[in-house]
Amino acid sequence: QVQLVESGGGLVQAGGSLRLSCAASGRTFSRYTMGWFRQAPGKEREFVAGISWIGSSTYYADSVKGRFTISRDNAKNTVYLRMNSLKPEDTAVYYCAADFGVVVSTLVSNYDYWGQGTQVTVSS
């Protein structure tokens, strides 16, 4: 069982930066592939970034590649999403998720545990 709690969201102007954190409970955190997803009003939840359980592999949606960076600290049971050069279209609720798999997946259905989400709003 893994419980996830996101933090770090907020209101930022276009071009600004935020860092989201996702704190996980559970002793097996290091065995989970972790992902960040987002959901804007009226849209489906979409993959943003993922990181393998030892952090050796990362994967990004094309829309955030070069602007967002995912990382993890297994000693702190925490995964991060650094977001730079934010755009109004990045506005959404951001969720972290855990997948007891080896390969980073972009599919919502592959993830076993989800946090409650944190709101990110980017003003123009």
Side-chain angles (χ1 to χ4, degrees):
Q1 185 79 10
V2 176
Q3 293 184 328
L4 305 172
V5 179
E6 303 95 336
S7 62
L11 173 64
V12 63
Q13 288 187 334
S17 299
L18 284 174
R19 189 181 78 158
L20 306 184
S21 299
C22 174
S25 65
R27 293 176 292 178
T28 59
F29 170 77
S30 61
R31 296 185 181 182
Y32 285 84
T33 292
M34 299 298 296
W36 284 98
F37 289 75
R38 67 187 181 187
Q39 188 166 17
K43 295 187 177 181
E44 293 190 352
R45 193 168 297 189
E46 65 175 1
F47 174 82
V48 174
I51 187 166
S52 62
W53 66 279
I54 58 172
S56 59
S57 298
T58 57
Y59 191 76
Y60 297 92
D62 288 343
S63 59
V64 306
K65 202 171 294 183
R67 300 188 297 121
F68 290 11
T69 303
I70 188 171
S71 61
R72 68 190 295 165
D73 185 338
N74 287 342
K76 296 182 178 180
N77 280 12
T78 303
V79 63
Y80 305 96
L81 185 68
R82 177 69 180 182
M83 306 185 295
N84 295 328
S85 303
L86 283 161
K87 304 175 182 180
E89 51 263 43
D90 294 319
T91 295
V93 177
Y94 283 71
Y95 300 88
C96 71
D99 172 19
F100 199 58
V102 176
V103 178
V104 175
S105 173
T106 64
L107 300 178
V108 170
S109 58
N110 277 11
Y111 286 79
D112 305 296
Y113 301 101
W114 292 84
Q116 294 297 313
T118 185
Q119 176 71 46
V120 171
T121 304
V122 184
S123 63
S124 57

Report, as yes or no, whether the 6.0 Å neighbourhood of atom CZ on R31 holds more than 12 heavy atoms from other residues, nucleotides or ligands. no
What do you reckon, is NZ of K65 surrounded by more than 12 foreign heavy atoms closer than 6.0 Å? yes
Is the backbone of [Y] close enough, under 3.5 Å, to the side chain of [X] for a donor and an acceptor to pair up by distance?
| X | Y | answer |
| --- | --- | --- |
| Y59 | G35 | no |
| T91 | V122 | yes |
| R72 | T33 | no |
| R67 | S85 | yes |

What's the separation between atom [atom1] in [X] and atom [atom2] in [Y], rounded to the nearest 0.5 Å?
| X | Y | atom1 | atom2 | answer |
| --- | --- | --- | --- | --- |
| M34 | N74 | CE | CG | 9.5 Å |
| I70 | S57 | CD1 | OG | 11.5 Å |
| R38 | R45 | CZ | CZ | 13.0 Å |
| D112 | D99 | CG | CG | 5.5 Å |

Nearest heavy atoms of [X] and [Y], plus distance in Å:
| X | Y | answer |
| --- | --- | --- |
| S105 | L107 | OG-N, 3.1 Å |
| A97 | Y111 | CB-CD2, 3.5 Å |
| S56 | S52 | N-OG, 3.2 Å |

Please report the C-alpha distance between F68 and W36 in whole Å, then the side-chain angles of each, then the deciding distance to 0.1 Å, and finally whether the ring pair (Phe, Tyr, Trp, His ring centres under 6.0 Å) criterion is met. CA-CA 11 Å; F68 290 11; W36 284 98; 9.9 Å; no
Side-chain donor-acceptor distances from residues 2-20 under 3.5 Å, at least two apart:
residue: E6; atom: OE1; partner: Q116; partner atom: N; Å: 3.0
residue: E6; atom: OE1; partner: G117; partner atom: N; Å: 2.8
residue: E6; atom: OE2; partner: C96; partner atom: N; Å: 2.9
residue: E6; atom: OE2; partner: G117; partner atom: N; Å: 3.2
residue: S17; atom: OG; partner: N84; partner atom: OD1; Å: 2.9

For salt bridge (Lys or Arg N to Asp or Glu O under 4.0 Å), just list the numbers for D90 and K87, CA-CA rounded to whole Å, side-chain angles, deciding distance to a tenth of an Å, and then say yes or no. CA-CA 5 Å; D90 294 319; K87 304 175 182 180; over 6 Å; no
Answer with yes or no whether the hydrophobic clustering places L81 together with I51; edges join I, L, V, M, F, W, Y residues whose side-chain heavy atoms lie under 4.5 Å apart. yes
Is it the case that one hydrophobic cluster holds both Y95 and V108, taking links as side-chain heavy atoms less than 4.5 Å apart, direct or via other members? yes
Could you tell me how the ring of Y32 sits relative to the ring of Y113: parallel (under 30°), tilted (30 to 60°) or perpendicular (over 60°)? perpendicular
Applying the side chain to side chain contact (heavy atoms under 4.5 Å, CB included) criterion to V104, which one of Y60, F47, W53 satisfies it? F47
